[in-house]
Structure formats: C-alpha cells, structure tokens
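Provided herewith is a single structure, encoded as structure tokens, for subsequent inquiry.
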Amino acid sequence: MTPAENCSAAQNGNPEPEIRVAALSIAAGALLISAITSALLITDPWREQTPATGVAGVGKYACTYIRHGDELFAGNSTTASRLVMRNTTGPDAAEVQCLLLRHKLSPGDVDGYFGERTEAEVKRLQRMDHVPADGIVGEQTWVLLRHVE
C-alpha cells in the first residue's frame, strides 16, 4: 500500500495502519521495559554488596598470630586435620593463607578463598619441605604450616 493509499484508507474509515502503529509502539515499549527490568534484576543495585564473589565464607580475614607451644595459629581456625583444598572457602582457607604468609610465601589476599594462587604456594611449601606436592592441606601440611622456627 502506498502512502497515498494509506491516507485514503484511513480517511475512508479503515483504521488498519493506525492499529499497526499502536501495536508496534506497545510492543516496543514492553520490550524496553522488559530489558530494563532484566538488567536491574541481574545487577541488583539496591542489594547489600557481599564480599568478593558473594560466596559464603569469602571476605576479609585478619591474621592474628598466636603461639601455643611449638605451634602457630593465625586466629581463624584451630584445625590440624581438616582437608583444605582448591575452592574451599571460609576460616580454614584463611588460616592456610595467613600461615603461608608467615612462611614468607604469597597466597594473595587473605580472603578465605583457596584459589589457584593459594594452591600454588601450598605446593611450593610442600616441595620445600620434601612432602608430596599435591596442593592439599591435610595433617602433614598442617604440621608444616603450624611449625614455628
């Protein structure tokens, strides 16, 4: 239909072009509202920010070193046997990170997340002390970490 025919059809009482424009406007508006709502739900700017990745146990931990006999504790965990490995989160992971710092190793931020960098430094400690370098903190590695010179 040419523009002249559209105009003529509208004048003759045929509301088809006007309905198309109205429907298209409503659909575009609904799409825009949907996109904005989706973006707000994904980013959620009103939500209280959680530490780091939002994973439970991940955040900022302090290293408060305390000596008990010949063992060193960093104030986050007292375990000597719990397995701590890649993707572990929480106080046990933060304890490993603090104790690695005390051994002059660099696990990254003390954030309670046992990631790639923490694992690499655990392996380094294990190699230095001639134990199997698997990157997993078990009883043998806890002994190394807690050892005070």
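Remember, predicted model here, so these are calculated numbers, not experimental data.
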Query raised in the report: From Tyr61 OH over to Glu95 CD, what is the distance, rounded to the nearest 0.5 angstrom?
Result: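 Atom-to-atom, Tyr61:OH and Glu95:CD are 11.0 Å apart.
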Query raised in the report: In Å and rounded to the nearest 0.5 Å, what is the OG1 to NE2 distance from Thr78 to His68?
Result: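 Between atom OG1 of Thr78 and atom NE2 of His68 there are 9.0 Å.
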Query raised in the report: Is there a donor-acceptor contact under 3.5 Å linking the side chains of Asp92 and Ser77?
Result: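 The criterion, which ignores hydrogens and geometry beyond distance, is satisfied for Ser77 and Asp92.
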List the atom pairs, donor and acceptor, that lie under 3.5 Å between side-chain atoms in residues 98-105 and the rest of the protein, sequence neighbours left out.
unit_1 : atom_1 : unit_2 : atom_2 : d
His103 : NE2    : Leu144 : O      : 3.2
His103 : NE2    : Leu145 : O      : 3.0

**Report entry** Main-chain N/O of Ala30 paired to Ser34 side chain as donor or acceptor, under 3.5 Å
**Finding:**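 Between the backbone of Ala30 and the side chain of Ser34 there is no qualifying donor-acceptor contact (under 3.5 Å).
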Query raised in the report: Is there side-chain contact between Thr64 and Phe73, with heavy atoms separated by less than 4.5 Å?
Result: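 When only atoms from C-beta onward are counted, Phe73 and Thr64 do not touch, as no gap falls below 4.5 Å.
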Query raised in the report: Do Val137 and Tyr65 share a hydrophobic cluster (ILVMFWY, side-chain heavy atoms under 4.5 Å, transitive)?
Result: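 They do share one cluster, since a chain of ILVMFWY contacts under 4.5 Å joins Val137 to Tyr65.
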Query - side-chain hydrogen bond (donor to acceptor under 3.5 Å, both in side chains) against Asn76, all qualifying residues, sequence neighbours excluded - result: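 Partners of Asn76 under the side-chain hydrogen bond (donor to acceptor under 3.5 Å, both in side chains) test: none.
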Requested in this report: State, with a plain yes or no, whether a side-chain heavy atom of Leu72 is found less than 4.5 Å away from one of Ile66.
Outcome: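 With C-beta onward as the side chain, the pair stays apart.
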Query raised in the report: Is Val58 linked to Met85 within one hydrophobic cluster, defined over Ile, Leu, Val, Met, Phe, Trp and Tyr using a side-chain heavy-atom separation of less than 4.5 Å?
Result: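 Different clusters.
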Report task. Report yes if some heavy atom in the side chain of Asn87 is under 4.5 Å from a heavy atom in the side chain of Tyr113; otherwise report no. Result ->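 Heavy-atom side-chain distance check passes, below 4.5 Å.
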Query raised in the report: Say you draw a straight line from NE2 of His147 to CG of Asp70; how long is it, rounded to the nearest 0.5 Å?
Result: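 Between atom NE2 of His147 and atom CG of Asp70 there are 7.5 Å.
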Please set out all donor-acceptor pairs under 3.5 angstrom arising from side-chain atoms of residues 125-134, sequence neighbours excluded.
unit_1 : atom_1 : unit_2 : atom_2 : d
Gln126 : OE1    : Asp134 : N      : 3.1
Gln126 : OE1    : Gly135 : N      : 2.9
Gln126 : NE2    : Asp134 : OD1    : 3.1
Gln126 : NE2    : Ile136 : O      : 3.1
Gln126 : NE2    : Thr141 : OG1    : 2.9
Asp134 : OD1    : Ile136 : N      : 3.0

Report task. Could you tell me the separation between the CG atom of Leu31 and the CD1 atom of Ile36, rounded to the nearest 0.5 Å? Result ->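 Between atom CG of Leu31 and atom CD1 of Ile36 there are 10.0 Å.
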Query raised in the report: Do any N or O atoms from the side chain of Arg146 and from the backbone of Thr79 form a donor-acceptor pair under 3.5 angstrom?
Result: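 Side chain of Arg146 to backbone of Thr79: a pair is present.
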Query - Side-chain donor-acceptor contact under 3.5 Å, Gln97 with Asp111 - result: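 Yes - a donor-acceptor pair under 3.5 Å links their side chains.
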Query raised in the report: Looking only at heavy atoms, what is the nearest atom pair of Val84 and Phe114, with distance?
Result: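 Taking Val84 first and Phe114 second, the nearest heavy atoms are CG1-CD1, 3.5 Å.
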Query - Salt bridge Glu139-Arg82, side-chain N to carboxylate O under 4.0 Å - result: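 Result for this pair is no, no salt bridge flagged.
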Report task. Please name the pair of heavy atoms, one in Ala93 and one in Thr88, separated by the smallest distance, quoted to 0.1 Å. Result ->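 Residues Ala93 and Thr88, closest heavy atoms: CB-O, 3.8 Å.
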